[in-house]
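These numbers come from a predicted model, not from an experiment. Values reported hereafter were calculated over all heavy atoms of this structure, with side chains retained and with hydrogens, waters and symmetry mates removed. In what follows, every chain begins at residue 1, and chains take the letters A, B, ... in the order their sequences are listed.
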Amino acid sequence: MATKRNNAGKRLQYSVPLPLPALQQQQQQQKQPQQQQQKHVQPQTPSTATNDLSLQRQSVSSSTTCPSSWLLHPLRTILSAALKYLHLQHDNTKGSPTTTQDLIHGEFHFSGASVWIHEGKDMEILFRQGFFGKGTLSRSEATWKERTAGSSQGVSLEEITRQRRVERAQLKMEKLVLAVQGNASALPVSTTPLISSNTSSTNASGFTTPVSTVSSVSQSQDPQLNNTVQQSIMPLTSPIGDDPEGVNQETVSSSSGSGENEEHLQLSLEEAFFLVFAVECIAVSEQKTSSTCDQLLGGNPAGVTPFSIQECWLRFAQASAFAGKPSIAASIPMQMPMPDISPDNPFIVRYAAYHHYRSLGWVVKDGLKYGTDFLLYKKGMIFGHSQFGIRVVACKSAAEVTSNTTHQHRPTGMSPLNLHSSPLSSTPGIFVSHAVHSWQWLLALNRVISQVQKTVILCHVIVPSHVSKQQLSHPLKALPLYTIVEVGIKRFIPEKNRK
Amino acid sequence: MNADDQDDQDQQPDFRLLLNTSKGASQALPSRDAKTAHDPEAVLKEQYDAFFQVISEERRLQEKTLSRAVYEPELGLFRLTVNKGNHFVSMGHTLKGNIYLYPEEALYLVDRSSLLVEHNGADLDVQQTWSLCLSQLQDLTGKWDTTRAMDRHLAYAYLKRLGYVVTRPGTYDTRAVDIIPKTAATPTSSTLTLNSKGRWLSTLLWRLLVDSWNIGNRVILTGLRRWFDPLSDFWNKRMSRPLVANNDQLSHEQVLQRIRIIPTRRLVQSPEEEPRPHVEHQITKDTWKQKVDFEVYKPAGAFKKRQPGIPDYRVVVVSARSRIPTLEELGDMMEGLIDPAQIGPSSGPSNTASALPTDKGKKKQQPDWPKVLFAVVDGGQVSFMSLNNMQAIL
């Protein structure tokens, strides 16, 4: 029950879906009736939340689907559009304009293709409300300071993992001791592999039957067995031994540098741009070049002017275009008026997919561990495992394809792939055994993903063929030109489907 | 998606077991000798010998289950002369009173020792039938190579052995009146009565009127917008604003609504909609039939040639080294399938909902996304993957 209450408390901390003050306020409003009631803490908030949403959804839908005759409708749209554009209509959803002081400050690092957040409170807000970013010295949430302060309550992920490892090591040791005791009485033992691998030094042959070896060992070579058991215990305890030492070292070092959080939160370019453009939560500026500059400015982040939305867009696109080639990137200065970016720029394509899934309400995180581009979580990382692994595929629009391939009518299974020219290879220069986007590749990806109970989705982002540079330079004009088509992959087993 | 998807299905059968049971040996498992159990060389040799022994057994056939067919080169089909057994309830199609078999069907039956093929007056043996059928598959759609024919046959035989009904698309289509594939079918002219002509004319006029009004609307709005846009952008600095400002008082749902600026598209279009705008080449109603290799029906269902019904799966045979289909190709293959996302939430999946009422609770009912199965063949192994046009909805 303590864990249940713990979990409920945890969920409350992470339940704000996006780091916007309006949503935080709503969260607080929902908290208050909750505090009055003692029982049923958990089911209360989701039900009230859904009530709110359903009401709002009804009001939104009613305004759009009211039956208007076909004569009045165009006139009405023209009028409302005109009024809205000239700002004569009162838009009551907009609050007071925000200043950059209200926003969280982030640093853009061109060579690392990331945005760094240094302030501790900001790191907590960004991660806990929407699961943005990753702490550089922690597993996911930036908990380094808490852990090294020595006063951790044991709730951080790293602490849980460490405790789990200690428990497992203890269990293994107990099993080993039991096995040794069991062997002394010459009973067949299930943990023979442990013993046989150690007694291979006593026996010359590689693969003899374990039972006979163990019995012989137990009868004659007890001191040697004790030695080998101790030898096997030693490698088990060394990982345990490391951790407490590591923690001790950290506490030693932290006591010398207390108050200095050496960790920062790292946002990927897509996350950062979402927080700049879609929901206004951070302001990004150029990274501070030297520490002396800091001292001069008094460490004032507001002293550096943040990028505008368009500037962010162009800079991020350029950073990802040069991501694999740092030497070239260093030599090219930032082309200020209009850098040359193409419609299939990796940042733009990935951002389109990221934005799409975020706009549906999913929590989108990096999927490098499973060979995908993104992972989709329903509510967040602490609420459950992700359901989908997304692989982003950029494809040309149909008009472009048909104009290029008018004479090719070969069926799909025919066109062989050139192994050395993989279009969007994530590891340029490294030879891949199968070409990207072959069936072999897809089967391998699906195998890995389904082993962890997820589904693969190929998110095709259709890149517009004829887009002007002017349109491409601003996300508000460029993004609606991209189209998303989702294709899900599943393995089909004929034997199982009602054979 | 479960862990049991990847269990023993993928392992090669142990031929020693097969040998043991065929000889009527008493032990169910090979005995665990102290000598050979952990000697991988000996185990391998045993399996090897068992394998060769099994496949070199002579095939025996019985006259009472043996059918006969004659190869007709002009059609590329096999005409059944002697009909034994109940294979032909779900195989072969009737032309001019005779049952004709496709090459893959004939090859499958010959492999099972249920059919004997005659050509030029002589009986063909198994090897000759193989080469004849594989070359036949080669000629059918142009420049295929033999690996493709072999892949196709492997997929076909795999499914047939499991009991599925596998047909070429359109075989049992009651609408098609193809007698000989080379001659074109003559269209029959339909006569309209006076009443229906008048009705047709009036609906045409009405549709013209409505369309022109809609187009006019769109033109006016876009024209106005084009004139307003630079003005309004300059006025309210729309370009420098984020989609949702920090101080906007919106609920979560409203925030999501506002940031949905990237359009999505479905691959499968419902038949009432206008055709996809990118289509430039002449699209006939059934182009998918040229891209899809087989239509597959489940073995449990009652399959009747007269009323085959909608096939359970469409199978396309591909080689493992080839490229996965582009969206256009996938859309072509899925043509004609029903998309539950476009129908709406009112009508759910047709038979799955009624068949499994107890599946509620934890698992949300998966809608019946339109999907195509791909039989990926590599080195003699067939794996099936389904690509479906889904939506990741929360």
Side-chain angles (χ1 to χ4, degrees), chain A residues 17 22-23 53 56-57 74 85 87 93-96 98 102 207 277-280 308-309 352 355-356 359-361 388 395 398-399 401-402 411-413 415-417 437-440 442-443 450 453 455 457 460 474 476 479-480 482-494 498-499, chain B residues 1 5 9 38 159 162-163 217 221 224 228 232 236 239-240 242-256 259-265 267 278 280 291 298-300 317-329 373 376 383-392 394:
Chain A
L23 295 175
L53 290 178
Q56 283 157 356
R57 211 176 284 142
Y85 284 152
H87 267 260
T93 53
K94 283 199 162 54
S96 52
T98 52
D102 303 336
F207 235 31
F277 169 63
V279 287
E280 187 185 21
S308 70
I309 291 179
H355 187 106
H356 168 73
S359 70
L360 290 176
F388 296 108
C395 39
V401 171
T402 51
T412 320
S415 45
L417 279 169
H437 305 160
S438 69
W439 279 106
Q440 244 184 328
L442 191 64
L443 258 76
S450 46
Q453 274 89 41
T455 312
I457 296 184
H460 291 260
H474 197 282
L476 209 55
L479 283 177
Y482 289 74
T483 320
I484 301 229
V485 181
E486 296 168 76
V487 177
I489 314 290
K490 195 159 189 277
R491 187 160 166 213
F492 175 78
I493 301 184
R498 275 170 230 134
K499 193 217 143 162
Chain B
M1 187 168 58
D5 278 354
Q9 300 293 343
H38 289 277
L159 286 173
L162 289 173
N217 272 350
L221 286 175
L224 273 175
F228 262 122
S232 65
N236 61 7
M239 291 288 139
S240 59
L243 291 175
V244 174
N246 203 349
N247 282 345
D248 280 353
Q249 301 297 318
L250 296 171
S251 71
H252 183 49
E253 181 61 35
Q254 286 174 326
V255 169
L256 294 182
I259 63 178
R260 258 171 229 163
I261 60 172
I262 303 184
T264 58
R265 211 186 80 193
L267 281 178
H278 75 278
E280 287 153 5
K291 308 238 174 175
K298 284 188 190 165
V317 180
V318 290
S319 145
R321 310 293 157 137
S322 59
R323 179 181 48 82
I324 58 178
T326 64
L327 284 181
E328 275 62 43
E329 290 169 349
L373 289 186
V376 185
S383 314
F384 287 87
M385 302 291 290
S386 85
L387 261 60
N388 47 358
N389 185 207
M390 63 185 297
Q391 290 176 323
L394 255 186

(request) Please report the C-alpha distance between A:Phe388 and B:Met390 in whole Å, then the side-chain angles of each, then the deciding distance to 0.1 Å, and finally whether the side-chain contact (heavy atoms from CB on, under 4.5 Å) criterion is met. (result) CA-CA 12 Å; A:Phe388 296 108; B:Met390 63 185 297; 3.9 Å; yes

(request) Could you tell me which residues satisfy side-chain contact (heavy atoms from CB on, under 4.5 Å) with B:Leu256, sequence neighbours excluded, listed by chain and number? (result) B:His252, B:Ile259, B:Arg260

(request) Please tell me if the side chains of B:Ile262 and A:Thr483 come closer than 4.5 Å, counting only heavy atoms from C-beta onward. (result) no

(request) Using non-hydrogen atoms and a 4.5 Å limit, figure out which bit of B:Leu373 sits close to chain A: side chain, backbone, both or neither. (result) side chain

(request) First locate atom CG of B:Asn388, then atom CZ of A:Phe492, and finally report the distance between them rounded to the nearest 0.5 Å. (result) 12.5 Å

(message) If you apply the rule side-chain contact (heavy atoms from CB on, under 4.5 Å), what do you find for A:His355 with B:Leu243, and how did you get there?
(response) CA-CA 12 Å; A:His355 187 106; B:Leu243 291 175; 3.8 Å; yes

(request) Name the option with the most non-hydrogen atom pairs under 4.5 Å to chain B; the candidates are A:Ala278, A:Ala22, A:Pro17. (result) A:Ala278

(request) Measure distances from B:Thr264 to the heavy atoms of chain A and classify the residue's part below 4.5 Å as side chain, backbone, both or neither. (result) both

(message) Is any side-chain heavy atom of B:Ser383 closer than 4.5 Å to one of A:Leu443?
(response) yes

(message) Which residues pass the ring pair (Phe, Tyr, Trp, His ring centres under 6.0 Å) test with A:Tyr482, not counting sequence neighbours?
(response) none

(message) Report which part of A:Ile489 has an atom under 4.5 Å of a heavy atom belonging to chain B: side chain, backbone, both, or neither.
(response) both

(message) Any heavy-atom pair between the side chains of B:Ile324 and A:Val487 that's under 4.5 Å?
(response) no

(request) For A:Glu280 and B:Asn246, work out which heavy atoms get closest and say how close. (result) OE1-N, 2.9 Å

(message) Checking A:Ser438 against B:Arg321 for the side-chain contact (heavy atoms from CB on, under 4.5 Å) test, could you report, in this order, the C-alpha distance in whole Å, the side-chain angles of both residues, the deciding distance, and whether it holds?
(response) CA-CA 6 Å; A:Ser438 69; B:Arg321 310 293 157 137; over 6 Å; no

(request) Please look at A:Ile457 and chain B and tell me whether the side chain, the backbone, both or neither of the residue comes under 4.5 angstrom of a heavy atom of that chain. (result) side chain

(request) Would you give the length of the straight line joining atom CD of A:Glu486 to atom CG of B:Leu327, rounded to the nearest 0.5 angstrom? (result) 11.5 Å

(message) If you compare all heavy atoms of B:Arg323 against all heavy atoms of A:Trp439, which two are closest, and at what distance to 0.1 Å?
(response) O-NE1, 3.6 Å

(request) Heavy atoms only: give me the nearest B:Ser251-A:Leu23 pair and the separation to one decimal. (result) C-CD2, 3.8 Å

(request) Answer whether the closest heavy-atom distance between the side chains of B:Leu394 and A:Leu360 falls below 4.5 Å. (result) no

(message) Could you check whether any side-chain heavy atom of A:Cys395 comes within less than 4.5 Å of a side-chain heavy atom of B:Thr326, counting everything from C-beta outward?
(response) no

